[in-house]
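In what follows, chains carry the letters A, B, and so on, assigned in the order in which the sequence lines appear, proteins first and then strands, with residues in each chain numbered from 1. Side chains are part of it too, since the values below use all heavy atoms of this structure and drop only hydrogens, waters and symmetry mates. Quick caveat, the model's predicted, so the values are computed rather than measured.
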Amino acid sequence: MGGFFIDPLKPVDRALITHGHSDHARAGHAHVLATRETLDIMRARLGLGSGDEQQEARLGEPIRIGDVTVTFHPAGHCLGSAQISVEANGMRIVATGDYKREADPTCRGFEFVPCDVLITEATFGLPVFRHPPASREVQGLLDSLKLFPDRTHLVGAYALGKAQRVIALLRQAGHDRTIYLHGALESLCALYERHGVDLGPLEPATGQEKKGGDKLPGEIVMCPPSALQDRWSRRFADPITAFASGWMRVRARARQRGVELPLVISDHADWDDLCRTVVETGCSELWVTHGQEDALVHWAETNGVRARPLRIVGYDESEIE
Amino acid sequence: MNRFAHLLDRLSYEPRRNGKLALMAEYFREVPDPARGYALAALTGDMGFRYAKPALIRALVEERTDPILFRMSYDYVGDLSETVALLWPALAARAGEHGTAPTLPEIVEALHVAGRSEIPSLLSNWLDRLDETGRWALLKLITGSLRVGVSARLAKTAVAELGDLEPADVEEIWHGLEAPYEELFAWAEGRGERPDVSDPVPFRPAMLSHAIEDGDFQKMEAGDFSAEWKWDGIRIQAVCGRDAHGALAKRLYSRTGDDISGAFPDLVEALDFEGAIDGELLVMREGLVQSFNELQQRLNRKNVTARMLKDYPAHLRAYDLLSEDGEDLRPLPFAERRTRLEALVGRLGGDRVDLSPIVTFDGWEALAAARADPAGHGAGEDAAAVEGVMIKRLDSPYLAGRPKGHWYKWKRDPHTVDAVLMYAQRGHGKRSSFYSDYTFGVWRQGEGGADELVPVGKAYFGFTDEELRRIDRFVRQNTVNRFGPVREVVHELDQGLVLEVAFEGLARSGRHKSGLAMRFPRVARLRWDKPPREADRIEALEALVDPS
Ligand SMILES: [Zn+2]
Ligand SMILES: [Zn+2]
């Protein structure tokens with residue numbers, strides 16, 4: 001239909017991109033349709049590979065492609081993230097992309113779209129995944145900072161979305177001190193600020209020698225998850241490693257990564273919200289992709305919705321952002 | 001319960017011993033009696049109620065959730081308590097809707113009096129009133145498997161550090177105390193006297209030896225020392241004393257202070273003195289020491305059959321006397337304690353208790369000769385049960401722990417090492433359903449100064465099928481991490497499994513983290529009785545490297 005692909009893994013002629021994470025926004029497409037923020041993120045991350053021809057999709061405004069109508073709707077996942085609805089012959093299919101329904105100060109909130117067929121993500125598609133309120137987790141981080149005022153609190157978070165959300169949540173919780181950034185986070189934080197997201201005082205975590213060494217005791221340092229166990233992290237004052245991720249719900253996962261302070265903060269819908277969304281869209285058919293498909297398919301079928309897993313070759317759970 | 005759950009949660013993520021101590025100390029300082037005492041009992045494994053079986057918990061959750069979703073979740077999470085804690089119907093989880101969270105004392109006191117049939121309804125009511133961390137902690141508590149990397153000893157150390165007590169001070173009165181330990185906390189905080197433990201048969205923390213090293217002999221004057229055989233059995237303490245009614249109470253303790261009297265009624269019956277003897281548990285028949293294998297038939301048995309008592313009679317070979325008729329002998333020099341011990345054993349009669357004979361020597365060469373040929377130096381037909389010699393300073397008091405410069409062990413066969421099981425992997429062929437490949441390690445000083453285990457080899461055989469089943473069970477119940485087919489097994493100072501590993505030789509190797517490669521290692525025996533802290537150190541291996 002329409003001769004386009006949503007979040008294709010391989011280069012195609014016409015790609016519709018839900019959001020800027022690397023497992024969705026790949027390089028090399030000839031024509032890219034995405035929100036303004038997503039296009040901006042793709043240019044920042046992929047440079048020349050971000051599409052020969054770029055077209056901006058405005059949220060809620062239908063776009064005609066061949067004999068189908070395509071509309072982008074906010075997905076609440078990260079800056080610029082969208083669900084994509086495709087209509088033809090009186091039938092509507094909605095691909096959620098990655099989404100969450102919990103409020104997020106750094107992006108527009110999710111809006112559910114009634115549809116006939118829902119293509120949902122299922123990153124946290126098991127009933128053990130029930131995310132606590134993010135504000136509670138952030139409070140845990142601030143409590144630890146009080147308990148260990150001499151230790152650097154090193155917070156691992158994905159560079160696009162999670163890092164900015166954690167910073168914004170810290171600001172909401174009243175933490176107004178400078179937050180220090182690993183080099184890999186700087187440009188995306190700047191991009192968020194250009195799009196009007198206020199992140200408060202930020203500084204590079206390294207190169208602070210003039211202020212009595214760069215050990216940063218009692219400060220929050222944000223870094224990508226891979227840097228937590230890196231040599232890089234050893235420069236700080238007896239660091240406590242925190243990791244903001246929905247995976248932190250499962251203890252073995254946290255311990256495997258040597259995390260001392262797991263923060264269960266996710267940018268994906270949890271089990272309850274995945275189920276709620278299926279019900280609210282009123283879909284009669286569900287395709288499940290991107291994660292733990294089997295449990296959600298089983299749940300849908302026991303609740304009267306036809307469902308099937310849509311396994312996409314090339315996705316690796318560890319890559320999911 | 002919430003505060004206790006928070007403690008367990010933090011402990012489970014805190015990798016460092018000092019961090020764990022700080023968390024426990026903070027908890028003990030903040031939380032009032034009796035909750036903190038029950039928490040201490042939970043950490044030391046002295047809860048005293050009957051633990052709930054996993055099947056009961058499964059049944060509870062399957063009543064409330066879709067069994068298929070439960071199974072998928074359990075497969076994913078891998079831990080029953082955690083799966084149920086996360087899966088428990090969310091409606092109930094919101095605090096306030098189902099009343100306030102139950103307190104730890106409320107739970108513990110109810111479990112003490114509850115009949116088996118009442119447990120399910122109590123449990124589901126509590127689960128409804130707790131959040132997910134609270135549910136997780138509750139399930140860990142009632143199944144008796146906290147596994148947060150805290151040993152009983154570490155928990156007691158945290159109590160000692162509330163004031164200026166030593167861990168051994170707490171250890172010494174521990175067996176006379178009961179949860180919720182109010183007088184113990186009062187004593188530790190300087191608000192009360194040392195609890196008057198009415199226990200007439202307390203455990204006294206054992207004194208341990210160092211492996212002798214090359215340079216040691218030059219610094220040691222042979223005339224200052226006594227030597228005796230190191231017997232190949234299990235180190236125990238036999239304690240007898242009068243209770244309040246004047247009856248003679250008797251108890252056998254393992255080297256770590258576990259009460260093992262129940263497994264050795266034959267030996268207990270024969271004890272008839274007032275005092276505490278430190279010695280070796282052996283199986284003896286017709287006056288001869290039997291192999292360690294035979295002794296193993298008597299270890300870790302829940303039921304002792306008459307047949308076992310007859311076939312494998314237990315025996316105590318006495319090394320030391322720690323107290324006699326209410327007098328603490330530990331401050332006395334070894335030589336004096338030995339004289340008292342000889343007199344006591346002489347009075348005992350019977351054939352269940354005898355003296356570990358002194359090995360006479362007039363210089364280190366003579367002792368080396370005795371060690372090389374125990375049969376010709378007094379051990380006679382028992383020579384096969386001699387592991388080496390113990391060298392004890394004549395004027396040493398009996399000191400808890402492993403003090404330097406007092407006792408040395410000089411093993412006969414240097415090619416064995418006590419190592420700690422670190423990782424296990426499934427085997428091949430008919431063993432593919434068992435974890436049968438073991439990576440083991442020994443202690444060394446880590447970068448930060450604290451001791452750490454470093455892997456030194458892998459062993460695939462040397463154990464019986466029965467032993468394999470028991471190690472396999474241990475591995476499954478004590479997994480702390482999974483890496484594909486490999487499981488990381490708990491290996492901390494006081495938690496873990498010690499393997500006595502025999503090997504043919506040792507060479508330097510750049511390929512191994514330890515810098516050493518072992519030739520032909522195999523499991524010589526399982527040391528369920530030994531805590532990992534007593535396993536060997538890398539220095540002991542370094543001394544054995546084959547000259548290349
Ligand atoms: Zn994704
Ligand atoms: Zn994403």
Side-chain angles (χ1 to χ4, degrees), chain A residues 122-133 136-137 140 143-144 146-148 150-151 229 234 238-243 246-264 270-276 291-303 317, chain B residues 6 8-16 18-20 22-23 26 30 61 64-91 93-95 131-133 135-137 140 147-149 447-448 479-484 487-488 490:
Chain A
T123 307
F124 292 110
L126 277 173
V128 290
F129 290 109
R130 291 201 173 91
H131 308 325
R136 188 185 90 183
E137 299 298 289
D143 288 346
S144 173
K146 250 185 250 140
L147 191 63
F148 301 107
D150 301 325
R151 303 180 65 182
Q229 304 298 333
R234 293 200 206 143
D238 192 13
I240 289 186
T241 55
F243 186 9
W247 299 117
M248 294 298 103
R249 179 87 285 179
V250 176
R251 283 163 195 279
R253 286 268 189 153
R255 278 203 292 262
Q256 230 161 44
R257 305 193 66 139
V259 173
E260 291 155 87
L261 189 62
L263 305 173
V264 188
D270 66 3
W271 172 259
D272 291 335
D273 281 347
L274 288 170
C275 296
R276 172 159 74 110
Q292 312 283 334
E293 294 92 356
D294 297 343
L296 197 58
V297 167
H298 170 81
W299 175 87
E301 283 178 339
T302 51
N303 284 273
E317 190 194 73
Chain B
H6 181 68
L8 290 190
D9 184 51
R10 292 297 308 273
L11 286 173
S12 76
Y13 291 113
E14 173 58 61
R16 302 181 304 180
N18 280 341
K20 288 183 199 281
L23 287 167
E26 185 203 20
E30 282 179 6
V61 73
R64 280 164 183 75
T65 53
D66 181 329
I68 292 178
L69 291 177
F70 166 71
R71 214 191 46 236
M72 288 175 173
S73 299
Y74 186 28
D75 277 353
Y76 182 85
V77 175
D79 177 288
L80 181 68
S81 298
E82 189 177 348
T83 309
V84 173
L86 294 174
L87 199 61
W88 195 256
L91 259 186
R94 287 175 204 131
D131 67 9
E132 72 275 350
T133 309
R135 291 192 295 264
W136 169 77
K140 293 272 164 195
R147 293 193 203 125
V148 291
E447 269 179 51
T479 300
V480 293
N481 250 326
R482 295 165 197 229
F483 309 95
R487 291 195 182 206
E488 182 177 359
V490 64

Exercise. Give, as side chain, backbone, both or neither, the part of Asp9(B) having an atom under 4.5 angstrom from any heavy atom of chain A.
Key: both

Exercise. Tell me, out of Asp66(B), Thr479(B), Thr83(B), Thr65(B), who's got the most heavy-atom pairs with chain A below 4.5 Å.
Key: Asp66(B)

Self-check item: Heavy-atom closest pair, residues Val259(A) and Tyr13(B)
Solution: O-CD2, 3.7 Å

Quiz item: Considering all heavy atoms of both residues, which atom of Arg130(A) and which atom of Leu87(B) are nearest to each other, and what is their separation?
Solution: NH1-O, 3.7 Å

Exercise. Please report the shortest heavy-atom distance between Ser12(B) and Arg251(A), naming the atom on each side.
Key: OG-NH1, 3.1 Å

Quiz item: Where does Arg71(B) contact chain A at under 4.5 Å (heavy atoms): side chain, backbone, both or neither?
Solution: neither

Self-check item: Interatomic spacing from CG in Asp294(A) to CG in Asp75(B) - rounded to 0.5 Å
Solution: 11.0 Å

Quiz item: Should Glu82(B) and Arg255(A) count as an ion pair when the cut-off is N to O under 4.0 Å?
Solution: no

Quiz prompt | Heavy-atom pair with the smallest gap, counting every atom of Met72(B) and Leu126(A) | solution = CB-CD2, 4.0 Å

Quiz item: Closest approach of Pro15(B) and Glu260(A), non-hydrogen atoms and distance?
Solution: CD-CG, 3.7 Å

Self-check item: Val84(B) portion near chain A, given a 4.5 angstrom heavy-atom threshold
Solution: neither

Quiz item: Would you say the side chain of Glu132(B) lies within less than 4.5 Å of the side chain of Val264(A), judging by non-hydrogen atoms?
Solution: no

Self-check item: Nearest-0.5 Å distance, CD1 of residue Ile68(B) to CD of residue Glu301(A)
Solution: 10.5 Å

Exercise. Please identify each residue that fulfils side chain to side chain contact (heavy atoms under 4.5 Å, CB included) with Asn481(B), with sequence neighbours left out.
Key: Gln256(A), Phe483(B), Glu488(B)

Exercise. Please lay out, stage by stage, how Trp271(A) and Leu86(B) fare under the test side-chain contact (heavy atoms from CB on, under 4.5 Å).
Key: CA-CA 11 Å; Trp271(A) 172 259; Leu86(B) 294 174; over 6 Å; no

Self-check item: Heavy-atom proximity to chain B below 4.5 Å, by part of Ile240(A)
Solution: neither

Quiz item: Measuring from Arg10(B):CZ to Leu147(A):CG, what's the distance to the nearest 0.5 Å?
Solution: 6.0 Å

